[in-house]
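First the structure, in the form of structure tokens, and then the observations on it.
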Amino acid sequence: MSSIYDSLNPAQQEAVRHTEGPLLILAGAGSGKTRVLTHRIAYLIEECDVNPWNIFAITFTNKAAKEMRERVDALLSYGAEDVWVSTFHSACVRILRRFIDRLGYDRNFTIYDTDDQKTVVKEAVKKLDLDPKLFRERAVLSHISSAKNKMIGPDTFAAQTGNDPYMKKIADIYREYQERLKANNALDFDDLLCRAVELFEKDSEALEYYQNRFKYIMVDEYQDTNAVQFRFVSLIAAKYRNLCVVGDDDQSIYGFRGADIRNILGFEKVFPDAKVIRLEENYRSTKIILDAANGVIHHNTTRKDKTLWTEKGEGSKIIFRTYPTEHDEARAIVKDIARRKKADTQYNEFAVLYRTNAQARVLEEKFIMSGIPYRVYGGVNFYQRKEIKDILAYLKIIDSGLDDVSVRRIINVPKRGIGATSLGRAEAYAAKWNINLLEALRIADTIDGLGRASDKMKSFVDMIDVFRTKQKFLSLTELYDDVIETIGYAQVLQEDGSDEAKTRLENLDELRNKIVEYQDNSEEPTLTELMEQIALVADIDNLDESDDRVALMTLHSAKGLEFPHVYMAGMEEGLFPSYMSLNSDDGDDAVEEERRLCYVGITRAMQTLMMTCAMQRMVHGNFQINEVSRFVKEIPPKLLDLEAPAQRSRSGGDSFGRGAGGFAKSANSFSGNGYSGPANSFSGNGRSGSAGSFSGKGRSKSANPFAGGGSNPFATKGSDMVKTLPDYSVGDRVKHIKFGEGTVTEIKDVQKDYQVTVEFDGSGVKKMLAGFARLKKI
DNA sequence: GGGCCTCAAGTTTTT
DNA sequence: CTTGAGGCCC
């Protein structure tokens, strides 16, 4: 008798059939782990008579959750909708909406995103009369977040600071921050997890409810769980112990966010009776791609040893190219995509992956020039845009008046003549009487010194009240339209008329689309649920495979995805691995995480992979010289296609020419046809900018760092390059045409030039290339 | 109170 | 280079 399980390989089948007790599935990249999970769910329901209601599958992203649900749905004739498939965060929200009143919160709580968190920290710092320069929001928040990820509350935190005066202040801010969140009835992302765990630990009734309900638990991407998530899962699974975790320690890339790789490495210690199953056959990539990935990851020391294999053919070699600048790099990638794109190839078979979102800008520019449709994922989240946050703040206040942060955000947006001074008085009054800001505004006429502002405040509150009344009989879309109309938000933008204002208007339309979409897909749409869905989506969740565009995204965002053709841009030391990881306190750990990220990137590719590197890149407005990433060097050389030695050519007549030699010219000139069409328009988050002009500076298009054919293809210097030694040395006084006079503090030998560090008297420390810094010794 | 200007900092990754 | 925040002037 044939069944849906016959298509699985023996290891996969074993994983599906092992339903009772703890199970660790070590699933290498592309080894079909989602298949296993979905089949396992189907098996539990169909073969083991498990009630779908008793199954809980936890994923990392909404996208993964959606995909899993769809696939389970396709396998099952009934019951799929009763399986709980959700991310950690949305699962916690769901639990807390039901029980958080037992912790003294209102069940109608709002969720604060990073921006809101920063605002609260800023307020706390101000309240405590601390120097905002010393306590920057980012730094403070990272302390708070890592404390929360270890379930350390403000009291414990304060007790652990010892005699460190800085940390003592952080503890104060943490306490104040937490109090403010509570006063605003708000939870931040970390709180969602922490409060759920707190609930389970304090309230055995709530815990038992979920323990009894979730007899079978599955956790995807287990290598990315942190301490709180581990506790959350352990608590719920404690009764039945049918806990199946799936992950790949080689793909653990969220350590910076508190993910603890030891959760997966130590699973067998926590559950000594755990069954361990390895999935090592890869169904995604060619042999060469897989060998490259294995070659790289084997440089890590702390990992469970395993080697992926495939029955697929060799495939083509991994192309590695170096270019003079990030512009040349981006052009070459675009050109390569145009070359590969044939009638039977789709644009959505291509992805360009990079380490930092900042790299997207230049790539995007070249895509626009080429007319190739693309989409940038990630970066500034759609929901973090000013106009979106403004309107959402209105909706939040209508939904829950306790949120001071949102009130403050829009009390004077659009301008209604309530300035900082008046607002400050109202806030002081609210603090004095311990009431919410909105309530203080409501009785503004009893606040001293407000003058005419009190009328304006009152009419603001009246307006909110009207919205609240209307909310009862308007649909969400109608409410949205009414808000926009009443406050005149779109009107202000229309009158502005600038490109920026137009983009904002487009974004507002997009927000409206999302609200309509939510409303249509939800059985019982509520403002609360809408706000919560919005708070918990990531851009990558919107990836639509049927959309025929090239995908541009960070390596992190690419986890869990696959593409026939992958480009990894910016393979440079200092960028990837990142500068931060190279200077990290915890030694090689940080670099190992970067290496895993590289492994993730390589294993996204199914058929072809191209890696690129720019010798010189603009970072924060100045040029930075980087060497080829160590990760490229860790790929066995026989798997790489390095460019054939290029011919010498004339030096370019531009500012980048540098005496004899110049950059070698390659065959990759960018003069092909089909590149002049207008950029395709596309909907969405304002990334569609208009086409810029071609830089026309006549730069040479490509350089081959391996030119000269030495035995070591990774030599940092081309042997046929002539570089002149600067006539100054460390300690000398020099003059720069723009920065004036300064002292040389360092001269570094880098690829094809010397990097000079100068401490300028007026402009601070600059790093520049001797070749075109034109420094004059004084 | 509002707008403009200057200055400073930032960029590692995101639920 | 870009963006955001704070300061200053109207």
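Per chain, numbering begins at 1; letters A, B, ... match sequence-line order. In this text the structure is predicted, and so the values were computed from the model without any measurement.
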| request: Could you tell me whether a side-chain N or O of A:Glu573 sits under 3.5 Å from a main-chain N or O of A:Arg630, the two making a donor and an acceptor? | output: yes

| request: Provide, to the nearest angstrom, the distance between the CD atom belonging to A:Gln359 and the P atom belonging to C:dT2. | output: 16 Å

| remark: Per-nucleotide protein contact along nucleotides 3-10 of chain C, 5' to 3', at a 4.0 Å heavy-atom cut-off (B base, S sugar-phosphate only, - neither), is --------

| said: Checking A:Asp328 against A:Arg331 for the salt bridge (charged side-chain N to carboxylate O under 4.0 Å, His left out) test, could you report, in this order, the C-alpha distance in whole Å, the side-chain angles of both residues, the deciding distance, and whether it holds? | reply: CA-CA 5 Å; A:Asp328 304 293; A:Arg331 261 183 231 121; 3.3 Å; yes

| Would you say the ring centroid of A:His143 lies under 6.0 angstrom from that of A:Tyr177? | no

| query | For the rings on A:Phe631 and A:His299, is their centre-to-centre separation under 6.0 Å? | reply | no

| Electrostatic pair A:Asp191-A:Lys148, nearest N-O below 4.0 angstrom | yes

| Under 3.5 Å: donor-acceptor pair, side chain of A:Asp403, backbone of A:Val405 | yes

| said: For the backbone of A:Asp113 and the side chain of A:Asp188, can you confirm whether one donor and one acceptor N or O come within less than 3.5 Å of each other? | reply: no

| Minimal non-hydrogen separation, A:Val228 against A:Met151, with atom names | CG1-SD, 3.7 Å

Nucleotide N/O to protein N/O under 3.5 Å, stretch nucleotides 1-9 of chain B:
| unit_1 | atom_1 | unit_2 | atom_2 | d |
| --- | --- | --- | --- | --- |
| B:dG1 | OP1 | A:Gly419 | N | 3.2 |
| B:dG1 | OP1 | A:Ser422 | OG | 2.8 |
| B:dG1 | OP2 | A:Thr421 | N | 3.4 |
| B:dG1 | OP2 | A:Thr421 | OG1 | 3.0 |
| B:dG2 | OP1 | A:Gly417 | N | 3.3 |
| B:dG2 | OP2 | A:Asn412 | ND2 | 3.2 |

Between N or O atoms, less than 3.5 Å apart, protein on one side and nucleotides 12-15 of chain B on the other: list the pairs.
| unit_1 | atom_1 | unit_2 | atom_2 | d |
| --- | --- | --- | --- | --- |
| B:dT12 | O2 | A:Arg355 | NH2 | 2.1 |
| B:dT13 | OP1 | A:Asn357 | N | 3.2 |
| B:dT13 | OP1 | A:Asn357 | ND2 | 3.4 |
| B:dT13 | O2 | A:Arg355 | NH2 | 3.4 |
| B:dT13 | O2 | A:His556 | NE2 | 3.4 |
| B:dT14 | OP1 | A:Thr554 | OG1 | 3.1 |
| B:dT14 | OP1 | A:Ser557 | OG | 3.1 |
| B:dT14 | O4' | A:Arg257 | NH1 | 2.9 |
| B:dT14 | O2 | A:Arg257 | NH1 | 3.4 |
| B:dT15 | O3' | A:Phe60 | O | 3.4 |
| B:dT15 | O2 | A:His89 | NE2 | 2.8 |

| A:Gln491 atom CD, neighbour heavy-atom count above 12 within 6.0 Å | no

| Is it true that A:Glu198 and A:Arg195 make a salt bridge, defined as a side-chain N closer than 4.0 Å to a carboxylate O? | yes

